[in-house]
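Following: one structure in structure tokens, then a few remarks.
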Amino acid sequence: MHPTITAFETSPDRGRGLARDMRVRWAFEEVGQPYDVQLVSFKEMKESAHRSRHPFGQIPTYEAGDLTLFESGAIILHIAERHAGLLPADAHARARAIAWMFAALNTVEPPIVERSMALILEKDKSWYEERMPMLDDRVRVRLGELSNRLGKADWLDGAFSAGDLLMVTVLRRLDGSGHVEKFPNLAAYVARGAARPAYQRAFAAQLAVFKNSKAS
Ligand code: GTB
């Protein structure tokens, strides 16, 4: 039996690979672990069967044997700890790669998500015009800091790791905003991640779900 993850039956991103199952699919592909996918509707996500997997009624989740996990970062850390390919063997390099996983999720993703949520939910609010430049600025500052650290390197700390995997998927949430393009080394970093064969396979798999949902 392969591990099973959950993903949107109909992703609001229309197959652009921005929902968080994409990062888990990519992790599986990087380590060569086959996986199954259970698609869930928005209604099913909030029902008790799914809430027993995910207390907040979201995707993705992970199930293998008697282990059930939620939180994309925890799922990817679990995969990376069990299979070679996403974390270095050297103890210090491994700790630093895990620090980059946390940085992607705790330091870089929050201002990006806050900006996205404002775009989706606050456009008609009286404060929108005033608030948006502030949210854009927070994203710009964070990206500037990340860009400075990355410099001319291919990856954040030596070889490609789960930290890069998460960071690339987090930065991809800015697609279409023009933010990443202002930092050519970050744009090249995202392109480098997206060009990896494992990323391509994961992307194709989630896109197939969207295409099938349109066909049926
Ligand atoms: N911290 C959790 C994790 O990392 O796993 C967050 C999980 C999460 O936010 N899941 C989202 C979800 O289930 C899907 S990924 N939302 C439904 C709900 O909360 O009811 C977030 C997402 C959704 C859509 C797009 N998009 O359309 O571009 C991008 C990202």
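Nothing fancy with the numbering, it's 1 onward along the sequence. Each ligand, and each atom within it, is numbered from 1 in the order the structure gives.
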Could E29 and R25 be called an ion pair, given the rule that one side-chain N must be under 4.0 Å from one carboxylate O?
no
Which pairs count as side-chain hydrogen bond (donor to acceptor under 3.5 Å, both in side chains) when at least one residue sits in residues 87-105, sequence neighbours excluded?
R96-D157
Can you find a side-chain donor-acceptor pair between R53 and Q38 that sits under 3.5 Å?
yes
Side chains of T6 and T61 only: does a donor on one sit below 3.5 Å from an acceptor on the other?
yes
For D154, enumerate each residue passing the salt bridge (charged side-chain N to carboxylate O under 4.0 Å, His left out) test, keeping only those at least two apart in sequence or located in another chain.
R192
First-shell residues of ligand 1 [heavy atom, distance under 4.0 Å]
F8, P12, D13, L18, A19, R20, M45, K46, Q58, I59, P60, E71, S72, R173
Excluding I120, membership of its hydrophobic cluster (Ile, Leu, Val, Met, Phe, Trp, Tyr; side-chain heavy atoms within less than 4.5 Å) reads V113, M117, L121
